[in-house]
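Below you'll find the structure, written out as structure tokens, and then a few comments.
Throughout, numbering of the chain's residues begins at 1 and tracks the sequence. If you're wondering where the values come from, they're calculated on a predicted model, not measured in any experiment.
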Amino acid sequence: MASLRLATPTLRSTARLLARQQPMGLVKIHSSVAAKNSAVSTHKPDRLHGSYHWDLERGASIALIPLVATQLTLGASPVLDTLLGVVVPLHVHIGFDSCITDYFNERKAPVLGKLMYGLLYASTAGVLVGCYQFNTNDIGLTEFLARMWTA
């Protein structure tokens, strides 16, 4: 019983110390107002900023399901070729953009991150032009996929 009485003041002082601290949820990490003497300005927070990206990503992913199903049931079509030639590169671009954002962000790799983004945009533009050329001057994506499947 004596050891419990000795430990009680320590527990009380620790509890008081913890009660005086500000909870992490209330700590202001970033300020939307720049300091008067600061040369760095911060952006105005926008709660909808990420939702547009999310909607576009989900829309591209969901659009692939009926496009591929229609291609498998109806066969080759110029409309499907055009839609697949736009939606598939867009879907792949969004996926690689997320990877670059996660692993080559501006704070950790400022030069390499910009290089990766440049390569991403250049390769996406190249794929879009390649899909256009393949759809207009060759057999098209849907016929190519049908031939690959039966080969």
Side-chain angles (χ1 to χ4, degrees), residues 11 13-151:
L11 290 175
S13 64
T14 305
R16 285 184 194 135
L17 179 66
L18 290 174
R20 277 188 246 138
Q21 290 180 348
Q22 190 176 11
M24 279 303 287
L26 300 177
V27 174
K28 195 172 194 179
I29 297 173
H30 297 287
S31 174
S32 60
V33 179
K36 292 179 184 177
N37 296 332
S38 175
V40 178
S41 64
T42 58
H43 67 282
K44 184 177 179 188
D46 182 15
R47 65 182 183 92
L48 295 177
H49 174 71
S51 68
Y52 299 123
H53 300 288
W54 177 261
D55 292 342
L56 184 64
E57 180 181 350
R58 295 298 126 209
S61 300
I62 291 171
L64 285 174
I65 296 169
L67 285 175
V68 172
T70 306
Q71 185 267 331
L72 291 174
T73 56
L74 298 179
S77 166
V79 174
L80 286 175
D81 287 341
T82 304
L83 290 174
L84 281 173
V86 172
V87 174
V88 170
L90 177 69
H91 177 72
V92 172
H93 176 88
I94 291 170
F96 278 116
D97 183 63
S98 298
C99 291
I100 293 171
T101 301
D102 289 344
Y103 296 109
F104 299 101
N105 60 21
E106 188 176 314
R107 185 173 41 98
K108 291 182 182 177
V111 175
L112 188 58
K114 289 180 183 177
L115 177 68
M116 297 294 278
Y117 276 118
L119 287 172
L120 175 67
Y121 281 99
S123 62
T124 301
V127 169
L128 285 170
V129 169
C131 286
Y132 173 75
Q133 292 294 326
F134 192 73
N135 286 334
T136 56
N137 299 327
D138 209 344
I139 59 175
L141 289 173
T142 52
E143 182 64 30
F144 174 73
L145 292 174
R147 289 184 186 182
M148 288 296 290
W149 187 263
T150 57

**Asked** CZ of F96 to CG of L120: how many Å apart, nearest 0.5 Å?
**Response** 8.0 Å
**Prompt:** So, for P89 and V127, which heavy atoms are closest and what is the spacing to 0.1 Å?
**Reply:** CG-CG1, 3.7 Å
**Item:** Stepwise side-chain contact (heavy atoms from CB on, under 4.5 Å) test for Y121 and H93
**Value:** CA-CA 8 Å; Y121 281 99; H93 176 88; 3.6 Å; yes
**Message:** On a heavy-atom basis, which atom in G113 and which in I100 lie closest, and how many Å separate them?
**Reply:** O-CG2, 4.4 Å
**Shortest non-hydrogen separation from A76 to E143 and the atoms involved** = CB-OE1, 3.5 Å
**Item:** Approximate separation, where rounding is to 0.5 Å, of L90 CG and T124 OG1
**Value:** 9.0 Å
**Request:** Supply the atom-to-atom distance I94 CD1 to C99 SG, rounded to the nearest 0.5 angstrom.
**Result:** 12.5 Å
**Request:** With rounding to the nearest 0.5 Å, note down the distance linking CD in E57 to CG in D97.
**Result:** 9.0 Å
**Request:** Working to the nearest 0.5 Å, report the span between CD1 of I139 and CZ of R147.
**Result:** 4.0 Å
**Message:** Would R58 and W54 count as a cation-pi pair here, with the cationic atom under 6.0 angstrom from the ring centre and within 45° of the axis?
**Reply:** yes
**Item:** Spacing of OG1 belonging to T101 relative to CE belonging to M116, to within rounding of 0.5 Å
**Value:** 11.0 Å
**Asked** What do the steps show when you test Y132 against T82 for side-chain contact (heavy atoms from CB on, under 4.5 Å), and what is the final call?
**Response** CA-CA 8 Å; Y132 173 75; T82 304; over 6 Å; no
**Prompt:** Do you know which two heavy atoms are closest between C131 and L141, and how far apart they sit?
**Reply:** SG-CD1, 4.2 Å
**Prompt:** Can Y103 and S98 be counted as having a side-chain donor-acceptor contact under 3.5 angstrom?
**Reply:** no
**Pairwise side-chain contact, N135 with P78, heavy-atom cut-off 4.5 Å (strictly under)** = no
**Message:** With a 4.5 Å cut-off on side-chain heavy atoms, are D138 and F144 touching?
**Reply:** no
**Prompt:** Does a sphere of radius 6.0 Å around CZ in F134 hold more than 12 heavy atoms from other residues, nucleotides or ligands, not counting ones at 6.0 Å or beyond?
**Reply:** yes
**Prompt:** What heavy-atom pair brings D81 and G140 nearest, and what distance separates the two atoms?
**Reply:** OD2-CA, 3.6 Å
**Message:** Using every non-hydrogen atom in the two residues, find where Q133 and N137 come nearest and quote the distance to one decimal.
**Reply:** OE1-ND2, 2.6 Å
